[in-house]
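To start, the structure under review is shown below, and the notes come after it.
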Amino acid sequence: MNKRFDHSTVEPLIYSFWENKNLLKAPNAGKPYTVLMPPPNANASLHAGHGMYVIDDIAVRYKRLGGFSSLWIPGMDHAGFETQYVYEKKLTKEGKSRLNFDRKTLYENIFKFVKDNSGLIYQQFKRLGFLADWDRSVFTLDQKVIDRVYETFKRMIGDGLVYRDEYIVNYCVHCGTSLAELEIKHIERVDPLYFIKYPLIKDIGFVTVATVRPEPIFADTHLAVNPHDKKNKQLIGKKVENPITGDTMDIIGDEYVDPNFGTGVIKLTPAHDPNDWQIAKKKGLPIIQAIDWRGRMIDVENTSGVHGMKVKAAREAIVKKLHDKKLIEKIYEKHFHSVITCYKCGRDLEPLIIPNWFIKVDELKKPIIKAVTTDDIFFHPKKYKKQMLQWLEIMHDWPISRQIVWGIRIPVWYKIDRNHDTIAVRWIDKQAKTHTGSLITELAGADLRIIKEGLQEVVAAPRANYVVSVEEPKDGEYIPETDTFDTWFSSGQWPLVTLKEDEFKTRFPTDMMGTLADILKFWVSRMVLFSLYLKNEVPFKNVYLWSMIADKTGAKMSKSKGNVVNPINFIDTYGADAFRASLLFGIGEGGTVVLSEDKVRAMRNFANKLWNIGRFIDMNETATLQVTPLRQGFEGQGSYKLQVTHKKTLKELEKEFSDLKKKYIKNMDNLKFSRCFDDLYEFVWHRFADYYVEELKDPIKNSSKEILTVLEETFKSCLLLLHPFMPFVTEAIWQEFNGQASSILNERLNKNIV
RNA sequence: GGACGCUUAGCUCAGUUGGUUAGAGCACUGCGUUUACAUCGCAGGUGUCGGGGGUUCGAAUCCCUCAGCGUCCACCA
């Protein structure tokens, strides 16, 4: 044995050994134990946040050694929005945009891009030593996943759980796309705040409203004040005149209004402000669109005179108009506020109403709340049970459509009715010219077949007729829905697409779901939802949530902060075992994980310590067995009388180790992995090596084989206990003792543990 | 504003149902080691266990309160 544990040569050899010996697959024998890997983005590469996957590996390995048929099924996610975002960035660099392609071509290009960039993360997972059955990997765009998603959608339609409605999204009129939360840039900016006077009807005087957006006033139908606002609450029920159109407007009360901002009175523009929209939905107020997809004003009767103008020009026109009417009380030029802008072009985003598909969750969430409350699903750490329940209470209907191509298309076709204008399209012709408009108008200038070939986007009014079908219906003219499902709609069915049909009897519910706490509500809750809906069972018995990985200073790692650590560097320098162990050592349950090089180095030293304990035992054995080099020769050797003190020491060791083992089993079964590892570290280094081995060194030099046997057996048991945490070094030492063809993965804990 | 959590050594953090002298890693100091390991060993800590109050024979641990920090949610017209 070398003086030092050489991780860089040993680790790859051991991993391919496991692969070649089929040790990564679930053994046929044993009670099933199943863990599903949270699918990383297909084009992702390893970052510190993936560190928590080690938890899953520890569980899988522990159960393997415990005699279970433990199985870890990996997979990859297509990660709709995020991947398309990355791809479009690439297009921008090439001087192109997604609008240069029809929908089908764009999808195929992204598919190729993802395919070319996938696979790296699995290579990196292998370097971490993951005991996963790679042959069973599932991709969220595999046909069987798509089939399952379609089937679920159809069933939900049949059960009346799906409906179409308007939904307010953040839309960039320049880039022609709605943006997800992660693509929005919040910036702070100074804008004028206009104080506009609304003449009271039947009363003398005005009600003044402060706003940064005067341009859609013509579409407003209501003002609102806080019902608890002493100054303004008497306005509730009164009527004012719309300063642009002269129409009558009601003043209503809503707690949402902040009495301390501006004048304490707000105007409601439900079609173009998310908060006003919420109020309007709640109170059933009319939602009148004043701005279209292209960022132009809609005022068909044009009493405002701004119909067809762009937002900025319209604002100037409206302000001038109000000024002429002497309805502007004042303009506060330096209003500091936060606005949302497009990550690509930097322009202001326009909150717009876009028709969406929704899932009704009121009935679906009841069994989830029950399952969480009654601990059918157990949360580690416990605090997430509360967080989950809190979120489930406020969980509202789920908008599942996304205006992107990278995903599973919602299997719906809209029936074209040439007499009713319910569908708008964007398409690209053979000359690469983009056309946008109502389908009926477009059909006047182009054949339906040509439009469909160049189709980019369809926006159908909620009242448009549709047929749910994967294939195009034959009875008339149809145009497909172009929206795709929210990524979580497909990944939420992960437990239902990863197992084989016959495994549902034996491996479902699965045993543990270890994932980041960030996606508790996005992902974990949806998996439970789908599983209870489709299988009437929870998808997993335990949820292990890792809160976050932080840098040395305790700050959360994020790209924007630039403090992201690439774990591969640590693995290269200190070994996978050291990296894994550093994520566990000295960590409270569910606490922040601080990743620091000092700690990784300390764990590398521990791996080396293990190696050298093995080396010490091995060397002494060789020395003792010079006559009969085989271990089987032990019994044939003459026996030695131990001095009383040494016998006592051995007894102490056995007692202490037996206590440790009991504690270990208890903590491992309760998923308290970190504590187990801390205990092992303390025992192996500071008790076993520093104390017992040192105490027994002299008698060993007198060739006492009995002592060596006890030390070796104890140490080998320690290797088994440590193996889930540090798989490589423990396997390497195991093979030194038992031969290169043996594997610690074939050992079983119950043989060695009382 | 709402919910939850955290505050223990210079730094990062363990500390289980309350129970002897509160621990580890890192860092620091001294000594040691010609054969398991210098990626080592031994030794070195005056810690108001965030402040205050309470329960108890006994509190880092349970309760109340105050302060600071963090996470999630809501909100910023």
Side-chain angles (χ1 to χ4, degrees), chain A residues 1-7 186 188 191 193-194 209-214 223-224 255-258 260-269 272-276 278-279 335-339 381-391 393-395 517-518 520-521 547-548 550-556 574-575 578 581-582 584-620 623 663 666-667 670 672 674-675 677-679 681-682 685-686 689-691 693-694 697 700-701 711 715:
Chain A
M1 287 174 85
N2 292 328
K3 205 167 166 184
R4 284 183 187 168
F5 174 62
D6 175 17
H7 66 266
H186 294 260
E188 308 244 286
D191 277 311
L193 183 65
Y194 303 92
V209 172
T211 181
V212 289
R213 298 209 63 175
L223 298 183
E255 317 231 324
Y256 154 76
V257 181
D258 177 359
N260 299 317
F261 181 85
T263 59
V265 187
I266 66 165
K267 67 187 183 71
L268 292 177
T269 312
H272 303 288
D273 182 288
N275 306 307
D276 296 1
Q278 294 285 355
I279 295 177
H335 175 54
F336 194 66
H337 67 149
S338 132
V339 289
K382 284 196 192 99
K383 66 170 177 178
Y384 288 111
K385 174 178 174 178
K386 220 165 208 178
Q387 209 182 94
M388 178 83 159
L389 284 172
Q390 193 188 338
W391 186 72
E393 289 299 332
I394 61 161
M395 183 182 184
D518 299 27
L520 175 68
K521 58 181 186 293
S547 60
M548 68 167 185
D551 69 8
K552 208 177 169 178
T553 66
K556 186 173 181 171
Y574 300 109
S582 76
L584 267 293
F585 190 77
I587 296 300
E589 200 188 352
T592 307
V593 176
V594 177
L595 187 54
S596 76
E597 184 155 3
D598 285 346
K599 201 149 112 183
V600 183
R601 192 188 301 116
M603 292 304 114
R604 187 272 315 262
N605 295 352
F606 181 52
N608 191 57
K609 186 76 187 178
L610 290 174
W611 178 257
N612 274 290
I613 295 168
R615 183 162 171 251
F616 171 79
I617 294 171
D618 187 56
M619 282 171 77
N620 281 287
K663 208 165 142 193
K666 191 180 145 211
N667 282 329
N670 287 318
K672 304 202 167 173
S674 177
R675 188 168 304 154
F677 183 66
D678 286 359
D679 289 345
Y681 178 95
E682 170 66 17
W685 198 321
H686 300 300
D690 289 349
Y691 177 70
V693 170
E694 292 302 326
K697 255 182 179 171
I700 288 169
K701 278 176 186 163
L711 287 181
F715 183 59

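Bear in mind the structure is a predicted one, so any value in this text is a computation, not a measurement. Naming convention: chains lettered A, B, ... in sequence-line order (proteins, then strands); numbering from 1 in each chain.
- Nearest-nucleotide mapping onto RNA chain B: of A/Gly264 and A/Ala689, the residue sitting toward the 5' end is A/Ala689.
- Nucleotides B/A24 and B/G15 are separated by 15 Å at their P atoms, to the nearest Å.
- In this structure, A/Phe5 reaches neither bases nor backbone, as no heavy-atom distance under 4.0 Å exists between it and the strands shown.
- Counting non-hydrogen atoms under 4.0 angstrom, A/Asp678 reaches the backbone sugars and phosphates but no base.
- Listed pair A/Arg4 / B/C40 fails the phosphate criterion, with no side-chain N or O lying under 4.0 Å from OP1 or OP2.
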Given side chain to side chain contact (heavy atoms under 4.5 Å, CB included), test A/Leu610 with A/Phe715 step by step and report yes or no.
CA-CA 9 Å; A/Leu610 290 174; A/Phe715 183 59; 4.2 Å; yes

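- For a distance-only test at 3.5 Å, the side chain of A/Glu682 fails to qualify as a donor-acceptor partner of the base of B/A14.
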Here RNA chain B, pairs taken as Watson-Crick or G-U under 3.5 Å and shown with ( ), [ ] when crossing and | when to another strand, reads (((((((..((((.....[...)))).((((((....).))))).....(((((..]....))))))))))))....

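- Ranking B/C4, B/C40, B/G25 by closeness to the A/Trp685 side chain, first place goes to B/C40.
- Heavy atoms of A/Lys267 sit nowhere under 4.0 angstrom from any nucleic acid atom.
- With both ends at atom P, the span from B/A60 to B/G50 equals 10 Å, rounded to whole Å.
- The side chain of A/Glu694 lies closest to B/C37, out of B/C37, B/C4, B/C72.
- Rounded to whole Å, the separation between the P atoms of B/U48 and B/A43 comes to 25 Å.
- Within the nucleic acid shown, A/Tyr574 has no heavy atom closer than 4.0 Å to any nucleic acid atom.
- Here the side chain of A/Lys267 pairs no donor or acceptor atom with the backbone of A/Thr211 at under 3.5 angstrom.
- Taking atom C1' in both B/C28 and B/G10, the straight-line distance is 9 Å, to the nearest Å.
- Straight-line distance between the C1' atoms of B/U17 and B/A59: roughly 14 Å, to the nearest whole Å.
- You'll find a donor-acceptor pair under 3.5 Å spanning the side chain of A/Lys697 and the base of B/A36, going by distance alone.
- Checking side-chain atoms of A/Trp611 against main-chain N and O of A/Met1 turns up no donor-acceptor pair under 3.5 Å.
- Atoms CG (A/Asn608) and C1' (B/C37) sit 6 Å apart, rounded to a whole Å.
- In this structure a side-chain-to-backbone donor-acceptor pair under 3.5 Å is missing from A/Asn612 to A/Arg4.
- Of the C1' atoms belonging to B/A14 and B/A74, the separation is 35 Å, rounded to the nearest Å.
- Between the C1' atoms of B/U20 and B/G58, the separation comes to 11 Å (whole Å).
- A donor-acceptor pair under 3.5 Å is absent between the side-chain atoms of A/Asn608 and the main chain of A/Arg604, judged by distance alone.
- Side-chain nitrogen and oxygen atoms of A/His686 include at least one within less than 4.0 Å of the OP1 or OP2 phosphate oxygen of B/G25.
- Between the CG atom of A/Leu584 and the C1' atom of B/G25 there is a distance of 14 Å, given to the nearest Å.
- Side-chain N/O atoms of A/Lys383 and base N/O atoms of B/C4 include no donor-acceptor pair closer than 3.5 Å.
- Nucleic acid contact class of A/Asp690 (heavy atoms, under 4.0 Å, all strands): sugar-phosphate only.
- Taking A/Lys385 as the reference, A/Asp375 meet the side-chain hydrogen bond (donor to acceptor under 3.5 Å, both in side chains) condition, with sequence neighbours excluded.
- Ring geometry for A/Phe677 versus A/Phe606: interplanar angle over 60°, hence perpendicular rather than tilted (30 to 60°).
- The distance from atom CG of A/Leu520 to atom C1' of B/C72 is 10 Å, rounded to the nearest whole Å.
- Taking atom P in both B/C37 and B/G23, one finds a spacing of 31 Å when rounded to whole Å.
- Along RNA chain B, the nucleotide nearest to A/Arg601 and the one nearest to A/Arg675 differ in position, and the one closer to the 5' end is contacted by A/Arg675.
- The nearest whole Å value for the distance from the NZ atom in A/Lys599 to the P atom in B/A14 is 9 Å.
- Here A/Lys609 reaches the OP1 or OP2 of B/G41: one of its side-chain N or O atoms lies under 4.0 Å away.
- The structure places CG of A/Leu584 at 9.0 Å from NZ of A/Lys599, a figure rounded to the nearest 0.5 Å.
- Whole-Å rounding puts the A/Asp598 CG to B/C11 C1' distance at 9 Å.
- Distance from the side chain of A/Lys521 is smallest for B/C73 among the nucleotides B/C73, B/U16, B/A36.
- In this structure, A/Glu597 atom CD and B/U12 atom C1' are separated by 15 Å, rounded to whole Å.
- Comparing atom distances between the A/Asn605 side chain and each of B/U39, B/U16, B/A24 picks out B/U39 as nearest.
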Given side chain to side chain contact (heavy atoms under 4.5 Å, CB included), test A/Phe5 with A/Lys609 step by step and report yes or no.
CA-CA 9 Å; A/Phe5 174 62; A/Lys609 186 76 187 178; over 6 Å; no

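- When each of B/A27, B/C40, B/U39 is scored by its nearest atom to the side-chain atoms of A/Arg604, the top-ranked nucleotide is B/U39.
- Among the protein residues, A/Asn275 comes within range of the sugar-phosphate backbone only, with heavy atoms under 4.0 Å from sugar or phosphate atoms but none that close to a base.
- Atom-to-atom, CD of A/Gln390 to C1' of B/G5 comes out at 12 Å; the value is rounded to the nearest Å.
- The residues A/Asp618 and A/Arg615 are annotated as not salt-bridged, no charged nitrogen and carboxylate oxygen being separated by less than 4.0 angstrom.
- If you take CG of A/Asn612 and P of B/U39, they are 11 Å apart, rounded to a whole angstrom.
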